[in-house]
Amino acid sequence: MAEDPLLEGRSLAALRGERLIFTGIDVTLAPGELLKLVGRNGAGKSTLMRMIAGLVTPFAGQVTWRGNPVGDDRDGFCAEMIYAGHQDGLKTALTAAENLALFGRLRGAESRSADHALAAFGIGDLSDLPVRFMSAGQRRRVSLARLLVAPARLWLLDEPLTALDTGAIEQLGAVVDAHRTDGGMVIAATHADLPGRPGKVLEIVPPDPFDDDDAFEDEPDASDGLEAGA
Amino acid sequence: MTHTFLMLIRRDLLLAHRQGGASLLAIAFFVLVVSLFPLGVGPAPEMLERIAAGTIWVAALLSVLLSLDRMFQADLEDGSLDQLALLPIPLSLVVLAKAIAHWLTTGLPLTLTAPLLGLLMQLSPDAYGALLIGMLLGTPTLSLIGAIGAALTVGVRRGGVLLTLIVTPLYIPVLIFGVSAVEAAAQGFSTTAHVLFLSAMLSGTIVIAPIAAAWSLKLALD
Amino acid sequence: MHRFANPTRFLRLAAAVLPFSAAVAALCLGAGLVWGLFFAPPDYQQGDTVRIMFIHVPAAMMAMGVYAGMAISSAIALIWRHAIADLIAKASAPIGATFCFICLLTGSLWGKPMWGTWWVWDARLTSMLIMLFIYLGYMALWQAFDDQTKAARAAAILALVGAINLPVIKFSVEWWNTLHQPASLITMDGPKIHSSLLWPLLLMIVGFGAYYLTVLIFRVRAEVHQRRTRMLRMAQADRHAAMQAAE
């Protein structure tokens, strides 16, 4: 477990609607590691996840992958990463198998069996059912089955346990464990416990609002918050 | 990269096919708007012939406008826009693929319907070629410019109306050259200049629009 | 570049410029109006109608000029994330749209005695009308976002797309106009204008420019204060949340 970290985020800060939601977050992840993000609602778990994925630009700080800033080779990083957001990202008009095949082919992965992936989440027999007819839990499973359709080193799971029953949570735990054994890395934002081998935990705490108490009145030069990204 | 690009176009075509009706709806609207004109201005053939080109082009433009707001909206709502943005190809290519798919499902069917409407509007027989070529070159430009507007307004309150307000002024050059090509052909003049202008606009927007739309989409994802 | 991004420095600079721009605007507009309306000779063809030009032409020039300024500040805002540039673009739009509207209104008033009708689809007026729509779309886009940072980026992209498109629109409208109406309209701005009309016109143009600058400073100042108010309100909400969490 003493390998060098592949993913690093240094002093990350996020702005949401002109409001600073977190600041000074450091993330490191080496092969085989699991990082659990915790924090109260609105602390910015999803934002941090999207920031690591490259969907949100950091207000401050930098994410690096294999030692290089993610922005330098965005396509290379995207090819090694799968992001499973809190939305399922499925097309309801297509069947489970079609959704998975589409996902795999768009990422250039050939002939990984969608059935095998669905079976790992216990819905192998639903592969020909259009997603429209599925329950929230079943959709969630299809969405997670994408992790097994295209190979990727890094998995970003935003609230993966939402709508899952105990059986499915066990299955996800097993899948995550197997991925880690193969040298994969997982970041999961979740309130509940993910079964399987324990990982690191990072708690996101909101910045102290009393920190720059009278910055506005006395020294507008210092921090009006107007110099976005300067 | 090419593989992913082509797969993206196929994806949108498959979705349009499964969800059904997008092209048919655009065509129905197109025909409906054009057929309002004889009812509005009277059926005198010489009058219809005079306004044929303008009517058909304006109706085509409106049909395209109407179909734009779903270009990214559906993908944003179900979260698949995130997945598209994280594909290992530049976001501008994703936009280009989606604009091409949009054209294949609206602009192209409208172009193929246009000669039929020419018949209804007593279009001069010499003008059909110019109408077809003009629409073949003009409607992709409409899809591409529309992609910018759709990307700017995706996920925005009352996005549909705003989209129309933003995009319509930008459509005017295509309308002008499209219509004047048909009119020139009807009067027996050369349409080379018009075709060249329409091609130039298409080549310009094919470069600029995907980049501008990709920037705009990043805002929606942020 | 970033020196002026700082709002405090900007406010100081604005306070220094404001008296001058206001004075220049008042003097030039006053002198230009009196000169143009009472002392300049009437045109031998158009008579006193020509005096509308003293409002119409500067308004048209400013409508285009303000858009150009808006596009440039949008580019600066996009590339350097320059916050004051955003505010300048935002504050410019309503002023430019008003110039556009004044140009259309005076053009219409001019058209009645000249062509016997309130509106003529003349190439210039038509381009101006389209430009007004582009201004309106730009302003509506700003309004559509709650998040001001996003609104600024989106509006900046639209302003630039519009800037690329406007020459094409202008060209196509002129092409369209020559097809449908042989150019018989009198062009008022051009080198052939008589010098007795030129001086009051120049005064008016300078006056319009200074007026723009003055109003712009007022509007940007108001925007800066609004932004500060928003930051303070957010800080207030955050503190409240932190106090509650501590209890």
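Numbered from 1 within each chain, the chains take letters A, B, ... in sequence-line order. Heavy-atom basis, side chains included; hydrogens, waters and symmetry copies ignored.
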Checklist entry - With only heavy atoms counted, which part of C/Phe171 is less than 4.5 Å from chain B, the side chain, the backbone, both or neither? => result side chain

Next on the checklist: Heavy-atom cut-off 4.5 Å, strictly under: side chain, backbone, both or neither for C/Leu166 against chain B?
Outcome noted: neither

Item to check | Test item: side-chain donor near acceptor, C/Trp176 and B/Ser180, under 3.5 Å | outcome: no

Item to check | Parallel, tilted or perpendicular: ring planes of C/Trp119 versus C/Trp121, cut at 30 and 60 degrees | outcome: perpendicular

Next on the checklist: Sub-4.5 Å heavy-atom contacts with chain B: which residues of residues 63-71 of chain C show up?
Outcome noted: none

Item to check | Rounded distance (nearest 0.5 Å) linking atom CD1 of B/Ile208 with atom CD1 of C/Ile164 | outcome: 4.0 Å

Checklist entry - Quick check: does any side chain N or O of C/Tyr138 sit under 3.5 Å from a backbone N or O of C/Leu158, one acting as donor and the other as acceptor? => result no

Checklist entry - Do side-chain atoms of B/Glu49 reach the backbone of B/Met121 as a donor and acceptor pair under 3.5 angstrom? => result no

Checklist entry - Measuring heavy-atom distances to chain B, does C/Ile157 have an atom under 4.5 Å in its side chain, in its backbone, in both, or in neither? => result side chain

Next on the checklist: At a 4.5 Å cut-off on heavy atoms, which part of C/Asp146 comes close to chain B: side chain, backbone, both, or neither?
Outcome noted: both

Checklist outcome for this item: The interface call for B/Leu170 against chain C, heavy-atom contacts under 4.5 Å, is both

Item to check | Residue B/Leu219 versus chain C: region with a heavy atom under 4.5 Å | outcome: both

Item to check | Presence of salt bridge, C/Lys170 and C/Glu174, under 4.0 angstrom | outcome: yes

Checklist entry - CD1 of B/Ile9 to OG1 of B/Thr105: how many Å apart, nearest 0.5 Å? => result 11.5 Å

Item to check | Under 3.5 Å: donor-acceptor pair, side chain of C/Ser108, backbone of C/Leu104 | outcome: no

Next on the checklist: Just by distance, no angles: are the side chains of B/Gln187 and B/Glu183 close enough, under 3.5 Å, to form a donor-acceptor pair?
Outcome noted: no

Checklist entry - B/Leu152 versus chain C, heavy atoms under 4.5 Å apart: side chain, backbone, both or neither? => result both

Next on the checklist: What part of C/Leu78 gets within 4.5 angstrom of chain B, counting heavy atoms only: side chain, backbone, both, or neither?
Outcome noted: side chain

Checklist entry - Under 6.0 Å from the CD atom of C/Gln236, do we count more than 12 heavy atoms belonging to anything else shown? => result no

